[in-house]
A.B. asks: 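I'd like to ask you about the structure that follows.
Here is the naming used below: chain letters follow the sequence lines, and residue numbers restart at 1 for every chain. Hydrogens, waters and symmetry mates play no part in the numbers below; they use all other heavy atoms, side chains included.
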Amino acid sequence: MEHEGVTKVKDLLKSTDYGSEVKVKGWVRTKRGNKNIAFIALNDGSIIHNIQIVVDVPNFNEDTLALITTGASLSVSGTLVESMGKGQTVEIHAKDIEVYGTADSETYPLQKKGHSLEFLREIAHLRPRTNTFGAVLRVRHAMSFAIHKYFNDNGYYYMHTPIITASDAEGAGEMFRVTTLDDKNPPLDENGNVDYTKDFFGKETNMTVSGQLEAELGATALSQVYTFGPTFRAENSNTPRHLAEFWMVEPEMAFYDIEDDMNTAEDFIKYLVQYALDNCSDDLEFLNKMYDTKLLNRLKSIIDTDFKRLTYTEAIEILEKSTKKFEFPVKWGIDLQSEHERFLVENHFKRPVILIDYPKDIKAFYMKQNDDGKTVRAMDVLFPQIGEIIGGSQREENYEKLISRIRELNIPEKDVWWYLETRKFGTVPHSGFGLGFERLILFVTGMSNIRDVIPFPRSPKNAEF
RNA sequence: UCCUCCAUAGCUCAGUUGGUUAGAGCAUCUGACUGUUAAUCAGAGGGUCCUAGGUUCAAGUCCUAGUGGGGGAGCCA
């Protein structure tokens, strides 16, 4: 739908309708020229490229043109013409220019020149106006859309799981507390502890660390569901791969075993990468040129490569036999460290790896126990550069086995009674996995810091904007 | 949270064994140029050297602490 006769830059650049009258609105990237002619590069975010506005200076008010500086917002009406200059095929010969808002060139922080990503993080309110963040945000949108499309096309239902939760059973990390109690003078019980029965929900509540347990409830009715929402971890993690607030995709499939789970994960991620290549080529080419010249090759190779599948035990054997010296010694039962995962993916197999059948002691309570009594049907998809991009498992559907594991781990049964009931009433084998959305975006964009693939990152000591 | 590196103009950085008035490129401003492509050329303005202490005749430079940031690790997605 066209808005007020305005054409997007994206469509103007494709157009060959020379001589037609057009209107475009956007933000000035650069202006250059002399007293006779001026060139304005205008961008509206619809595409990484700018449309060039050609201004015959004598035809315009001098004071108006003086307001057109980098960052100013304009409405331009004019004629679409074949460009006389090199560097673009079409441009707009301006007839009328309206300045919506100026951007004082003395104080506007974005220059024509490139800026460091660290600096741009400090001006996250303005960084969407840069080429890099425009590209990242468009790719991020495309990936969000593709996720919904993939699941919708494959018979999944999008399920909204709660953001506020009273269950601490997931054990996926430290949680942010949610409360309306007076922080200076909270009600106390007879033992002097904070009395959460007086709190808003009548019990202690937190921000969710995962929608999985609730997604399982949906899967035992709708067969295939997925969640896609914000997730919160109060871990003091200061790394380029962690956020305190991030988005997670969690499909959950009834009647799927671990093999189906792996097949789905691999198909899903290849679909998303293919979607990016098909729909974000301009942005990916820019990122490939500016940040990571191997990006496009890496994305293409992922699609054509079968992920290497092996068990945790086999992986341990490979690591033990390798001549590489690891900082953390390898032994069956340990949780694999980044150096181990990187070795497997980047040195040994040189392709994505799916590891299954992990020791049960290093995995969550809900994972299906294998007959060996030692391992569970967990699955981790390990990617080059970013490590674990997907973690999933077949779930334990046997009530007796599940509750005995819950008791072993001292998880309060009163917190998970509802979860247990799905195993009591019409239980089915089922599986699922979680994909860290920002880690996917890291992989697809080739960016190296997770704070640069989310518009307004939340991390320890940073909740600005 | 641990290890490590860093903090100097709007941005990116240089600044020697501690020693006059702290520099460059880009950006900005002024001027020149009739088709530019991060335009080019000439000139000008622009600094609480992160903060607080300390050592010293003298600190951007050395020491201590703090704050913020990068990289690595842990926790994890």
Side-chain angles (χ1 to χ4, degrees), chain A residues 29-41 49-58 66 69-71 81-88 91 93 103-123 126 130-131 170-174 209-212 230-250 290 326-328 335-342 362-364 380-383 386-392 433-443 448-454 459-462 464:
Chain A
R29 286 297 173 77
T30 71
K31 186 180 78 168
R32 51 184 171 263
N34 51 48
K35 65 188 171 192
N36 297 294
I37 188 165
F39 303 93
I40 300 165
H49 306 299
N50 307 318
I51 184 94
Q52 174 155 284
I53 313 295
V54 183
V55 181
D56 287 329
V57 173
T69 59
T70 300
V81 296
E82 205 165 356
S83 179
M84 292 161 60
K86 292 170 185 157
Q88 61 280 317
E91 60 193 18
H93 201 122
D104 178 17
S105 49
E106 298 272 6
T107 52
Y108 184 61
L110 291 174
Q111 306 170 358
K112 299 175 188 180
K113 238 195 126 173
H115 295 90
S116 69
L117 294 170
E118 290 84 359
F119 172 67
L120 292 174
R121 265 171 234 154
E122 294 170 10
I123 51 166
L126 296 173
T130 63
N131 287 333
E170 169 70 9
E174 292 296 310
V209 294
S210 165
Q212 181 201 311
T231 310
F232 307 88
R233 303 277 167 90
E235 303 286 350
N236 192 9
S237 297
N238 294 288
T239 85
R241 295 178 306 282
H242 290 86
L243 290 166
E245 176 182 294
F246 62 100
W247 289 65
M248 192 150 63
V249 182
E250 295 174 295
M290 300 300 288
F326 295 109
E327 189 189 340
F328 293 87
D335 211 348
L336 294 183
Q337 306 295 317
S338 329
E339 56 173 345
H340 305 139
E341 296 180 348
R342 270 206 307 274
I362 60 172
K363 288 292 182 184
D380 282 3
V381 182
L382 309 178
F383 258 41
I386 56 171
E388 183 185 336
I389 192 168
I390 280 179
F433 60 82
L435 167 84
F437 183 61
E438 282 74 18
R439 290 195 179 168
L440 170 77
I441 305 302
L442 277 180
F443 181 75
S448 50
N449 192 313
I450 201 164
R451 297 169 193 196
D452 297 329
V453 296
I454 188 168
S459 56
K461 301 279 187 291
N462 178 22
E464 192 72 45

A.B. asks: Could you tell me whether L243(A) contacts a base, only the sugar-phosphate backbone, or nothing, with contacts defined as non-hydrogen atoms closer than 4.0 Å?
C.D. replies: base
A.B. asks: By the 4.0 Å heavy-atom rule, please label R29(A) as base, sugar-phosphate, or nothing.
C.D. replies: nothing
A.B. asks: Provide a list of protein-nucleic acid N or O atom pairs under 3.5 angstrom, restricted to nucleotides 1-5 of chain B.
C.D. replies:
unit_1	atom_1	unit_2	atom_2	d
U1(B)	OP1	N236(A)	ND2	2.6
U1(B)	O5'	N236(A)	ND2	3.4
U1(B)	O4	N238(A)	N	3.4
U1(B)	O4	N238(A)	ND2	3.0

A.B. asks: Would you indicate what E122(A) reaches in the nucleic acid, counting non-hydrogen atoms under 4.0 angstrom: base, sugar-phosphate, or nothing?
C.D. replies: nothing
A.B. asks: So what does S83(A) touch, heavy atoms closer than 4.0 Å: a base, only the sugar-phosphate, or nothing?
C.D. replies: base
A.B. asks: Taking the P atom in each of U67(B) and C75(B), what is the distance between them to the nearest angstrom?
C.D. replies: 25 Å
A.B. asks: Using a 4.0 Å heavy-atom cut-off across all strands, classify E327(A) as base, sugar-phosphate, or nothing.
C.D. replies: nothing
A.B. asks: Over all strands shown, is E464(A) touching base, sugar-phosphate only, or nothing at heavy-atom distances under 4.0 angstrom?
C.D. replies: nothing
A.B. asks: Restricting to side chain to side chain donor-acceptor pair (under 3.5 Å), what partner residues turn up for R32(A), sequence neighbours left out?
C.D. replies: T30(A)
A.B. asks: So, using salt bridge (charged side-chain N to carboxylate O under 4.0 Å, His left out) as the criterion, who are the partners of R241(A) when residues are at least two apart?
C.D. replies: none
A.B. asks: Describe the nucleic acid contact of F246(A) in one word from base, sugar-phosphate, nothing, applying a heavy-atom distance below 4.0 Å.
C.D. replies: base
A.B. asks: Please identify each residue that fulfils side chain to side chain donor-acceptor pair (under 3.5 Å) with T107(A), with sequence neighbours left out.
C.D. replies: D104(A)
A.B. asks: Where are the stems of RNA chain B, defined as at least 3 consecutive Watson-Crick or wobble G-U pairs with both distances under 3.5 Å?
C.D. replies: B:1-7 with B:67-73, B:10-13 with B:23-26, B:28-32 with B:40-44, B:50-54 with B:62-66
A.B. asks: Scan nucleotides 23-31 of chain B nucleotide by nucleotide, 5' to 3', and note B when protein non-hydrogen atoms come under 4.0 Å of the base, S if they reach only the sugar-phosphate, - if neither.
C.D. replies: ---SSSS--
A.B. asks: For U28(B) and U61(B), measure between their P atoms and round to the nearest Å.
C.D. replies: 32 Å
A.B. asks: With distance as the sole criterion, do the side chain of H242(A) and the base of C76(B) form a donor-acceptor contact below 3.5 Å?
C.D. replies: yes
